[in-house]
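Structure record follows, encoded as structure tokens.
Just so we're on the same page: letters track the sequence lines, and every chain starts at 1.
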2 protein chains.
Amino acid sequence: MTPELRHLRYFVAVAEHLSFTVAARELHIAQQSLSQQIAALEHALGARLFDRDTRGTRLSEVGRVFLPEARAVLTRADAALETARKAVRGEIGRLRVAFLVSTANYMMPPVVRAFRKRYPDVELLAEAVGIADLVAGLREDRYDAAFTRPPLVDDLVTATLVAEPVCAVLPAGHPLAGRAGLRLADLAGEPWVLTPRGSWEPWHRKYDTDFRAAGFEPRVVQRADGVPSLLGLVAAGVGVTRLARSAHSLRRTGVVFVPLADEQAETVMAWHPARDRQAVRNLLDVAAELAASIDLTEAG
Amino acid sequence: MTPELRHLRYFVAVAEHLSFTVAARELHIAQQSLSQQIAALEHALGARLFDRDTRGTRLSEVGRVFLPEARAVLTRADAALETARKAVRGEIGRLRVAFLVSTANYMMPPVVRAFRKRYPDVELLAEAVGIADLVAGLREDRYDAAFTRPPLVDDLVTATLVAEPVCAVLPAGHPLAGRAGLRLADLAGEPWVLTPRGSWEPWHRKYDTDFRAAGFEPRVVQRADGVPSLLGLVAAGVGVTRLARSAHSLRRTGVVFVPLADEQAETVMAWHPARDRQAVRNLLDVAAELAASIDLTEAG
DNA sequence: CGGGGGTCACAGGCTCTGACTGTAACCGCT
DNA sequence: AGCGGTTACAGTCAGAGCCTGTGACCCCCG
């Protein structure tokens with residue numbers, strides 16, 4: 001027989017009470033069972049742990065040496081289980097989080113800061129990545145969660161954190177730049193700069209639907225990847241585009257943001273449903289709480 | 001269910017091989033049993049430790065956190081068992097040893113030194129005590145072993161370590177002081193100084209037998225407890241006495257030691273048979289080895 | 001000095017756990 | 001499609017661990 005934690009627990013109980021009867025009562029087992037288990041432990045060690053006779057029980061020399069050892073093992077085991085439970089509660093471990101580059105600017109700092117503060121023992125790995133890599137990473141278990149913009153794909157779940165106005169982005173001095181608001185149809189005749197279709201198909205399908213609903217197909221004069229590039233082209237007067245208002249923080253000069261009626265851009269947290277760990281829930285909770293208390297699109 | 005060491009062993013094995021099948025082979029159990037036990041452990045922790053599917057097994061985040069914990073517990077448990085085994089082998093623990101005052105002078109230093117060197121992790125408590133306290137201490141489990149002189153009592157076991165000549169102790173200038181050897185009968189007419197009968201009955205019964213065999217009853221002019229006192233009285237010319245030769249080391253002047261034919265004084269190690277621990281055997285071995293290599297009666 | 005209350009050990013029986021075997025479902029590679 | 005690999009499910013069984021009943025023993029008290 002090889003000793004188990006139960007034997008150590010029993011041994012410590014007997015050693016503490018110096019009585020099989022009392023220890024058995026505390027352990028909620030019969031005195032005979034306790035005697036049996038201690039005997040098994042003694043047999044495994046090759047020596048008696050207690051000098052016992054009809055009038056009581058005393059620790060033997062081996063028992064005296066073994067007692068602090070047994071206690072140490074039990075304490076270590078308890079700590080191990082507690083650590084495991086912390087991991088289950090998502091209070092310890094590692095969390096790999098992707099931020100869509102275009103949202104990283106305002107989302108990453110406050111979210112990372114708040115999560116680190118709330119869960120200091122979780123190793124948070126934050127990364128700003130493109131949308132394709134973000135989705136692939138979630139699917140391939142390279143990321144545990146991601147902050148991004150919908151629409152994504154069916155096999156990922158998302159939770160909406162913030163919604164903000166979508167704006168027409170016009171070169172400074174554009175005839176429509178002074179308007180307080182616009183409708184997408186107002187920009188039917190404009191030259192457009194947009195991202196390459198290949199960047200993320202679901203987004204472009206949504207754009208198609210939006211433009212169709214507005215009754216026109218945009219005349220695309222140039223395609224460029226990334227929000228800074230688009231803003232640069234607009235500032236250069238190449239054309240107009242359409243972006244979430246928070247993109248304004250990336251360029252303040254040469255461009256004008258005019259809200260588009262009835263259009264909202266959402267920022268969501270996304271994760272793989274099969275890897276729905278508590279730490280992911282905790283991240284969502286922190287982010288949602290943050291979104292409820294401050295305007296994240298203005299942060300960063 | 002509360003996790004046992006077995007579960008941790010199983011968990012570590014699976015984590016090391018990242019395969020239930022291979023780990024089960026190593027553990028000499030069926031893969032199904034291993035799956036069952038891991039499932040039980042996971043149930044106890046409230047989370048999966050492995051992400052497993054038809055094509056393999058990977059550690060989950062909780063598993064990753066738990067692995068070093070489980071290893072630490074197992075390591076600690078191994079250390080505890082090893083410590084216990086050391087205690088069984090008498091290589092660790094506490095040993096309470098009594099030395100009869102009249103032997104302590106030459107026995108204690110070499111024995112304690114040799115034992116400490118051989119078993120540095122054993123806490124050796126050495127004490128020089130009178131014969132009555134020594135025997136009572138062995139019986140009452142206040143001492144684990146004692147170095148003393150026979151005869152003792154039936155319920156203690158002894159092992160002889162050294163034998164040395166018994167000498168007549170005469171005042172310097174005594175008519176018989178120049179002899180190379182004596183017989184006890186030669187001292188029939190002398191005045192005697194002896195220890196009080198109450199000091200240790202078995203010794204005095206032996207003295208009685210010896211004197212009777214020599215054909216006389218000693219005329220005791222004074223009784224004094226302890227070898228130094230006896231030597232002092234002899235040196236003062238009060239009378240003669242009879243001591244083991246090693247007592248000579250306690251007083252060099254005013255007394256003469258003349259060997260008595262056919263008489264030997266033994267030094268023995270004594271212990272209680274019911275408390276025959278390995279550490280006691282080790283002490284005996286060390287002492288016997290020492291006695292075989294050097295003349296202990298000349299040491300100290 | 002005998003009885004009551006305390007100790008732990010022994011004996012026999014029950015239950016459930018941890019093991020086994022056999023099988024299924026699934027994946028990836030050939 | 002079949003083969004070699006994975007883990008999971010189902011049914012069975014021996015034994016470990018627990019129980020109850022009992023005995024031997026010691027100490028204290030009336």
Side-chain angles (χ1 to χ4, degrees), chain A residues 1-45 47-60 62-63 70 74 139-141 155 272 274-275, chain B residues 1-45 47-60 62-63 70 74 139-141 155 272 274-275:
Chain A
M1 184 223 58
T2 160
E4 293 290 341
L5 290 177
R6 174 167 24 83
H7 297 105
L8 303 186
R9 272 188 277 268
Y10 287 6
F11 166 63
V12 170
V14 175
E16 277 173 356
H17 293 95
L18 290 181
S19 159
F20 282 71
T21 312
V22 175
R25 197 152 40 225
E26 182 187 275
L27 294 167
H28 302 111
I29 61 171
Q31 163 262 312
Q32 294 86 336
S33 306
L34 183 53
S35 292
Q36 186 180 322
Q37 292 302 302
I38 295 291
L41 176 58
E42 289 175 328
H43 185 76
L45 296 180
R48 301 228 109 186
L49 292 166
F50 298 101
D51 296 326
R52 43 199 187 273
D53 53 37
T54 172
R55 75 185 163 290
T57 299
R58 293 157 305 284
L59 270 174
S60 74
V62 173
L74 292 174
R139 283 171 154 165
E140 295 163 12
D141 196 21
D155 55 339
H272 194 112
R275 286 183 285 280
Chain B
M1 186 220 59
T2 162
E4 293 290 339
L5 290 176
R6 182 188 43 260
H7 298 106
L8 303 186
R9 271 188 277 269
Y10 287 7
F11 165 63
V12 170
V14 175
E16 277 173 355
H17 293 95
L18 290 181
S19 159
F20 281 72
T21 312
V22 176
R25 197 151 41 227
E26 183 186 274
L27 295 166
H28 303 111
I29 61 170
Q31 163 261 313
Q32 294 87 333
S33 305
L34 182 53
S35 291
Q36 186 179 321
Q37 292 301 303
I38 294 291
L41 176 58
E42 289 176 327
H43 185 76
L45 296 179
R48 302 228 108 186
L49 291 165
F50 298 101
D51 295 326
R52 43 202 189 270
D53 53 38
T54 173
R55 74 185 163 290
T57 299
R58 294 157 304 285
L59 271 173
S60 76
V62 173
L74 292 173
R139 283 170 154 167
E140 295 163 13
D141 195 21
D155 55 340
H272 193 113
R275 287 183 284 280

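- With sequence neighbours left out, the side chain to side chain contact (heavy atoms under 4.5 Å, CB included) criterion links A:Gln31 to A:Phe20, A:Thr21, A:Ala24, A:Ser35.
- The salt bridge (charged side-chain N to carboxylate O under 4.0 Å, His left out) pairs that include a residue from residues 28-39 of chain A number zero, where partners must be two or more places apart or lie in different chains.
- The residue B:Tyr10 sits close only to the backbone: its heavy atoms come under 4.0 Å of sugar-phosphate atoms, none of a base.
- Remark: A:Tyr10 pairs with no residue by the ring-ring contact (aromatic ring centres under 6.0 Å, His included) rule, at least two apart or across chains.
- Here the closest non-hydrogen pair linking B:Ala15 and B:Leu59 is CB-CD2, 4.1 Å.
- Look at CG on A:Leu59: it is 13 Å from P on C:dC8, rounded to the nearest Å.
- Legend: residues meeting side chain to side chain donor-acceptor pair (under 3.5 Å) with A:Ser60, ordered by chain and number and at least two apart, are absent.
- Applying the side chain to side chain contact (heavy atoms under 4.5 Å, CB included) test to B:Ser33 and every residue at least two apart in sequence or in another chain returns B:Ile29, B:Ala30.
- Heavy-atom distances under 4.0 Å link DNA chain C to A:Ser19, A:Phe20, A:Thr21 of residues 11-21 of chain A, given in residue order.
- In this structure, of D:dT6, D:dT20, D:dG17, it is D:dT20 that holds the atom nearest to the side chain of A:Ala30.
- One interatomic measurement links the two molecules: CG of B:Leu27 to C1' of C:dC20, which rounds to 15 Å at whole-angstrom precision.
- With sequence neighbours left out, the side chain to side chain donor-acceptor pair (under 3.5 Å) criterion links A:His17 to A:Glu26.
- Atom CZ in A:Arg25 sits roughly 14 Å away from atom P in D:dT20 (whole-Å rounding).
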Any N/O pairs under 3.5 Å between the protein and nucleotides 21-24 of chain D? List them or say none.
| from | atom 1 | to | atom 2 | distance (Å) |
| --- | --- | --- | --- | --- |
| D:dG21 | O6 | A:Gln32 | NE2 | 2.4 |

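- Looking at which nucleotide of DNA chain D each of B:Thr57 and A:Glu4 is closest to, the 5′-most match is held by B:Thr57.
- Residues meeting the side chain to side chain donor-acceptor pair (under 3.5 Å) test with B:Glu16, sequence neighbours left out: B:Arg71.
- Of all the residues in residues 33-41 of chain A, A:Ser33, A:Gln36, A:Gln37 reach under 4.0 Å from DNA chain D with at least one non-hydrogen atom.
- In this structure, A:His28 reaches the sugar-phosphate backbone alone: every heavy-atom distance under 4.0 Å involves primed, P, OP1 or OP2 atoms, never a base.
- A straight line from CE of A:Met1 to P of D:dA16 spans 11 Å, rounded to a whole angstrom.
- Under the side chain to side chain contact (heavy atoms under 4.5 Å, CB included) criterion, A:Ala39 pairs with no residue, sequence neighbours left out.
- Here C:dT7 presents its P atom at 15 Å from CZ of A:Phe50, a figure rounded to the nearest Å.
- Partners of A:Glu42 by side chain to side chain donor-acceptor pair (under 3.5 Å), not counting sequence neighbours, listed by chain and number: A:Arg52.
- To the nearest angstrom, P of D:dA8 lies 11 Å from CG of B:Asp51.
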Worksheet item: Would A:Leu74 and A:Leu5 satisfy side chain to side chain contact (heavy atoms under 4.5 Å, CB included), going step by step from the backbone distance to the final call?
Response: CA-CA 7 Å; A:Leu74 292 174; A:Leu5 290 177; 4.1 Å; yes
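- The distance from atom CD1 of A:Ile29 to atom C1' of C:dC8 is 14 Å, rounded to the nearest whole Å.
- Comment: A:Arg9 does not engage A:Glu4 in a salt bridge, judged by the lack of any side-chain N to carboxylate O separation of less than 4.0 angstrom.
- To the nearest angstrom, C1' of C:dC8 lies 9 Å from CG of A:Asp53.
- Taking side-chain N and O atoms only, B:Arg52 has no distance below 4.0 Å to OP1 or OP2 of D:dT6.
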